[in-house]
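Here the structure comes first, spelled out in structure tokens, and everything after it is commentary.
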Amino acid sequence: MTTGMRTLLGGLILAAATVGAWFAWLGWESGYTVDPETGATSGPYAVWQVAGCVLTLAVIAVLGGWWLSPWLVAPVMTVAFTVAWAAHAASIDASGLWAVGAVLVLIGMAAGSTVVSLAASLVRRHV
């Protein structure tokens, strides 16, 4: 397999796995919860959903950084997750605040996927 083909195939698999992680953990949730005693609103995601998604994304970034260049892994994961999240958020939010959330997701994904994939790549080089 040529380097270009490996990069293309790896990027496609990485994007699919990243969108799959979003869908599996967060894509099906759209409701907010109101505490009947306090009236406090929370959601739409539970803590366990976000934690599971973050751990899944970390595993994807480790595997991606191990087998591919971190300079491919970080942008592919960032764009794939941000687009999936933003498309869903925009469809259920009438206030327009989804755009602020999308920027925060973009920053978090860029930072997290870069650090994790770089660390995996560095470990692989020294093993």
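Just so it is clear, the values below take in all heavy atoms, side chains as well, and ignore hydrogens, waters and symmetry mates. One is the number of the first residue; the rest follow in order along the sequence. Note that this is a predicted model, so its numbers are computed, not measured.
The side-chain tip of R6 does not point at the ring of W67 from less than 6.0 angstrom away and within 45° of straight on.
Here the OG1 atom belonging to T82 is positioned 9.5 Å from the CD1 atom belonging to I107, to the nearest 0.5 angstrom. The line from OG1 of T7 to CG of L12 is 11.0 Å long, rounded to the nearest 0.5 Å. If you take OG on S117 and CD1 on I60, they are separated by 12.5 Å, rounding to the nearest 0.5 Å. Atom OG1 of T18 sits about 4.0 Å away from atom CE of M77, to the nearest 0.5 Å.
Although no hydrogens or angles enter the test, the distance criterion places a donor-acceptor pair under 3.5 Å between the side chain of D93 and the main chain of L97. When atom types are taken as modelled, the side chain of S91 and the backbone of H88 share a donor-acceptor pair closer than 3.5 angstrom.
A donor-acceptor contact closer than 3.5 angstrom links the side chains of T56 and W25.
In this structure, F81 and C53 have side chains that are in contact, with non-hydrogen atoms separated by less than 4.5 Å. Looking at heavy atoms from C-beta onward, F23 lies out of side-chain contact with W28 at the 4.5 angstrom threshold. By the 4.5 Å heavy-atom criterion applied to side chains, W71 and L118 are counted as neighbours. Annotation: side chain of T78 is in contact with side chain of L106 (closest heavy-atom distance under 4.5 Å).
I92 and W98 fall into different hydrophobic clusters, where Ile, Leu, Val, Met, Phe, Trp and Tyr side chains are chained together by heavy-atom contacts under 4.5 Å. Clustering ILVMFWY residues whenever any of their side-chain heavy atoms sit less than 4.5 angstrom apart, transitively, puts V54 in the very cluster that holds V76. V103 and W85 are assigned to two separate hydrophobic clusters, defined by single-linkage of ILVMFWY side chains at heavy-atom distances under 4.5 Å.
For R124 against W66, the heavy-atom pair with the smallest separation is CD-O, 2.9 Å. Of all the heavy atoms in P70 and P75, the pair that sits closest is O-CD, 4.1 Å. Closest of all the heavy-atom pairs between W22 and A84 is CZ2-O, 3.7 Å. Here the closest heavy-atom approach between residue V127 and residue V123 is recorded as CG2-O, 2.9 Å. Residues G64 and L14 come closest through the heavy atom pair CA-CD1, 4.4 Å. The minimum heavy-atom distance linking G65 with V73 is given by the pair N-CG2, 3.8 Å.
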Run L57 and M109 through side-chain contact (heavy atoms from CB on, under 4.5 Å) and show every step you take.
CA-CA 9 Å; L57 291 170; M109 278 299 300; 3.7 Å; yes
